[in-house]
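Scroll down for the structure; my scribbles are underneath it.
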Amino acid sequence: MDGLVRDFTDRIREAEAGGGTLGIQGHGSRSFLCPSTAPILSTRHYQGVVTYEPEELFITVRAGTPLPELEDILDSKGQYLAFEPLRFGAGGTVGGMVAAGLSGPRRMRSGPIRDYILGIRILDGLGRELRFGGTVIKNVAGYDVSRLFGGSWGRLGLILDVTLKVLPKPRSSLTLVVDIEQEKALNWFKRARSQPWPLGASLFQGHTAGQLALRLEAGPEAVKEAFLAISKELPVKMMAPEEAEGLWRSLSTHRHAALKPDKEQAVPLWRFSLPPGVEPLAINGELLIEWHGGLRWWRGLLDPEALEALTHGHPGGVMPFDAHFASRNLSGQGTHQDKVRGRLDDGVLKVFDPFAVFSSG
Amino acid sequence: MNDPADMIDAEGLIEAMVEIVGPEWVLYDPEETRAYASDALTAYREIPRVVVLPNGEEEIVAIVNICQQRQIPIVPRGAGTGLSGGARPIREGVVLSLARMNRILALDPEAAIAILEPGVRNLAISEAAFPHGLFYAPDPSSQIACTIGGNVNENAGGVHCLKYGLTLHNVLQVRGILSSGEVFECGGQTPDSPGLDLLPLLIGSEGMLMIVTEVTVRLLPRPTHAKVVMASFDSIETCAHAVAAIISSSLIPAGLEMMDQAATRAVEDYVHAGYDCEAAAILLVESDGSKTEVDEEIAEIKEILLLNGSRSLVVSETEEERQRIWSGRKNAFPAAGRVAPEYYCMDGTVPRRQMAPLLAHIAQLEKHYRLRCMNVFHAGDGNMHPLILFDGKIMGEWARAEAFGNAILEKCIELGGTVTGEHGVGVEKLDSLCLQFTDAEREVFHALKKVFDPLRILNPDKGIPSLRRCVEHGRKRVDAQKRLPTNLEHF
């Protein structure tokens, strides 16, 4: 593995000296969101577990480790990645997962991926090997640099290893479904927020009316208790476990029918990141609403004015989930951004990559 | 020349401050500024030139602009409960106290968030959220006094962070003033916000990157029930082993605290919490949630503890009993203050399995430095708080206590941990940081500071040691790495 690190270092130094650029890639499963024309620096052979200590609740893995492989290893010890990462195709690599920072269905309960980054080892744009953070949950020595890499889309440097906090899998899971109006569903979440229910994920699919699915995750007694309490408010039914697993998997793998591209790929898929409490958006057609209202997917044509009208007055971002997603997301284009933010982002990028070796992501 | 201001205010700094905040909110008489000479780590003191207490963002911007023009360092300060000297004044600088900015600007139970001024006390957030069935989870032991602005700057933890996370995990947005005088907002109420995720950089930045003026936190549903198990052990090793057994099961307790015999005895004399003073160590394990959830977990916890060598255990049956059991842990620091004139609290964190080896090492160090040490710690996350007892009036004792503390921190790094879990680096652990990071890594820290604070006026010379300091002290990480046992993955 050291030989690979030397190769990476050489290639970065070469690029830096010659004014070249490099695009970091694992399996390329996320490259439809960040296509790069730069020469590829592949991490796919830099794989394997460095350290896994289940009773310490952390795992250190190399960036090129396939995500499904990591999940199998954790599963064998009854543990999991609580943030339920969003993945595409065969699942991609751990490095790609961290760099994209895209969370899956459990986001509102678990927090984002970056919350689970305990430490990182990187090669920066000068080819320097740097370590930040560690393996312990509490660590305030120096600035918290390791978490900066969550959602950095490979712009800050090459991730070699990452240490992730892992957790025991919930002991039981139950999915409830109910037919409901969209507005009522969104309002219900507002009330549910102050209730001690173990609400692990939610999905509304439909338009003005549709189906709401709620996933409860905790010990068996707590799940049962929450089911009884929710039943008093909504006429929920239990979903069969296999069906439920398929439903949530269709979200975490981005294969839900409403998310799949149309044949001509002419109609974009929009990703609305909003404060969860925002009322139903005035758009036609089927929506998928995750994260208790915080994430809404919609396929359709929107002109910039219509977009502005839709999200006016709300913080957050609306972006097509396409080849420009990563660059738009990093630059904040199409959102309420300001110049101070741009300057700081720029400054931070230059700290790690002064010669813009990784500028193309 | 009767007014002290005339004597020290050659540049008209005080006059300028008075113009911004009014005369009653500018302190410069040493009789008054003395109260600001240190934070809770009182060994490091400096009387500041001036203390300013602004009320509102506009006043802060005006103060920062003045300081920026004149290159005067600013030390932001919350309640001054910090334990690493992060709020220790800089002699020629301004202490910016945010104590007056203590309003809860909004509390939205439907969104489960609260928007706060930096001077809002940690406990006041949960108190305000209480009627809505919500609470703010991070609960540092100083929560009755410490402020959310300070919590953000230290990434404060507490007893419950194994289950509920640190400040970082519970803050959605931070707004503040950069040293350029510009307002900067980071994070947001949306689950993800565009741009680089700078929030983790700001949280725990010890006042070195910006002055926090507003914090948006998430609130969680308040658990309706909680119970604590108090278990006794005949040896530190068995106790540490039981901790590992609990974590290896599928439980994440709300709290998991360990105390050694020196600590239980000191505490028992003080608050009569009902601790087993004959035990070599005791463990407090808390479960919270709904009644059935708690009963389910407590039964499981009891079983694990008994299987793993607990010689006796007590479960709180009433809320009063639970509070009494916790009162011992919560009063460990003042109890230390009763058995010795002074104590020096450390904050290293090690992987859980290294707790017993670290404690054995500390026992040896006690002999070497001829000082007693009592140990309380957040066992669930390996965050240790050895309390070194000393008497500052005895010649050389403070120096020995400091050396003792540094030896503990070096051992923490060697065991794969960190020199500070939640108290911050401040001025106290600057030298230890030379050991934990390489020159290149510290260069990155300095460069990041420069991005936010190019003039270096925000709490300069705290948090990150200069290259020169590390060279002068002859302490570098390379040495530490050489000492590492080979079977240890050091990351």
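Residue numbering restarts at 1 for every chain, and letters A, B, ... go by the order of the sequence lines.
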B/Val294 portion near chain A, given a 4.5 angstrom heavy-atom threshold: neither

Contact check, side chains of A/Arg193 and A/Pro276, non-hydrogen atoms, under 4.5 Å: yes

Region of B/Val350 in contact with chain A, defined by heavy-atom distances below 4.5 Å: backbone

Region of B/Glu297 that comes under 4.5 Å of a non-hydrogen atom in chain A: side chain

Residue, of A/Gly142, A/Gly219, A/Ala226, that accumulates the most heavy atom pairs under 4.5 Å with chain B: A/Gly142

Salt bridge (Lys or Arg N to Asp or Glu O under 4.0 Å) partners for A/Arg62, two or more places apart: none

Most contacts with chain B, counted as non-hydrogen pairs under 4.5 angstrom, among A/Met108, A/Lys165, A/Arg343: A/Arg343

Engaged part of B/Pro351 at the chain A interface, taking heavy atoms whose separation is under 4.5 Å: both

Contact origin within B/Leu209 toward chain A - heavy atom pairs under 4.5 Å: side chain

Flag for A/Asp161-A/Thr60: side-chain donor and acceptor within less than 3.5 Å: no

Side-chain donor or acceptor of B/Tyr164 paired with backbone N/O of B/Asn170 under 3.5 Å: no

Pairs of heavy atoms under 4.5 Å with chain B: top-ranked of A/Leu148, A/Leu349, A/Ile117, A/Leu156: A/Leu148

Under 4.5 Å from any heavy atom of chain B - which part of A/Pro220: both

Minimum side-chain heavy-atom gap A/Leu102-A/Phe321 below 4.5 Å: yes

Winner by heavy-atom pair count (cut-off under 4.5 Å) against chain A, out of B/Gly380, B/Gly204, B/Ser290: B/Ser290

Top of B/Gly289, B/Cys161, B/Pro191, B/Ala112 for chain A proximity - count of heavy-atom pairs under 4.5 angstrom: B/Pro191

Region of A/Phe149 that comes under 4.5 Å of a non-hydrogen atom in chain B: neither

pair B/Cys412-B/Leu358: side-chain heavy atoms closer than 4.5 Å: yes

Part of B/Glu422 lying under 4.5 Å from any heavy atom of chain A: both

Chain A interface, residue from B/Leu166, B/Ile113, B/Leu433, B/Leu168 that has the most non-hydrogen pairs under 4.5 Å: B/Leu168

A/Lys190, NZ: over 12 other non-hydrogen atoms inside 6.0 angstrom: yes

Options B/Ile247, B/Thr420, B/Ile464, ranked by heavy-atom pairs under 4.5 Å with chain A, top entry: B/Thr420

B/Asp347 and B/Asn383: side chain donor to acceptor below 3.5 Å: yes

A/Phe189: partners by ring-ring contact (aromatic ring centres under 6.0 Å, His included), with sequence neighbours left out: A/His292

Under 4.5 Å from a heavy atom of chain A, the part of B/Lys449 involved: both

Student check: side-chain heavy atoms of B/Met355 and B/Val243 closer than 4.5 Å: yes

Minimum heavy-atom distance between B/Glu154 and A/Val140, given as atom pair plus value: O-CG1, 3.5 Å

Residue, of B/Thr418, B/Leu202, B/Leu196, that accumulates the most heavy atom pairs under 4.5 Å with chain A: B/Leu196

Heavy-atom pair of closest approach, residues B/Ala245 and B/Asn308: CB-ND2, 3.5 Å

Engaged part of B/Leu134 at the chain A interface, taking heavy atoms whose separation is under 4.5 Å: side chain

Selection from B/Cys186, B/Pro200, B/Ser248 maximising heavy-atom pairs under 4.5 Å formed with chain A: B/Pro200

Side chain to side chain, A/Glu56 and B/Arg353, heavy atoms closer than 4.5 Å: yes

Closest-packed option against chain B by number of heavy-atom pairs under 4.5 Å, given A/Arg114, A/Arg147, A/Gln195: A/Arg114

Toward chain A, the part of B/Leu199 with a non-hydrogen atom under 4.5 Å: side chain

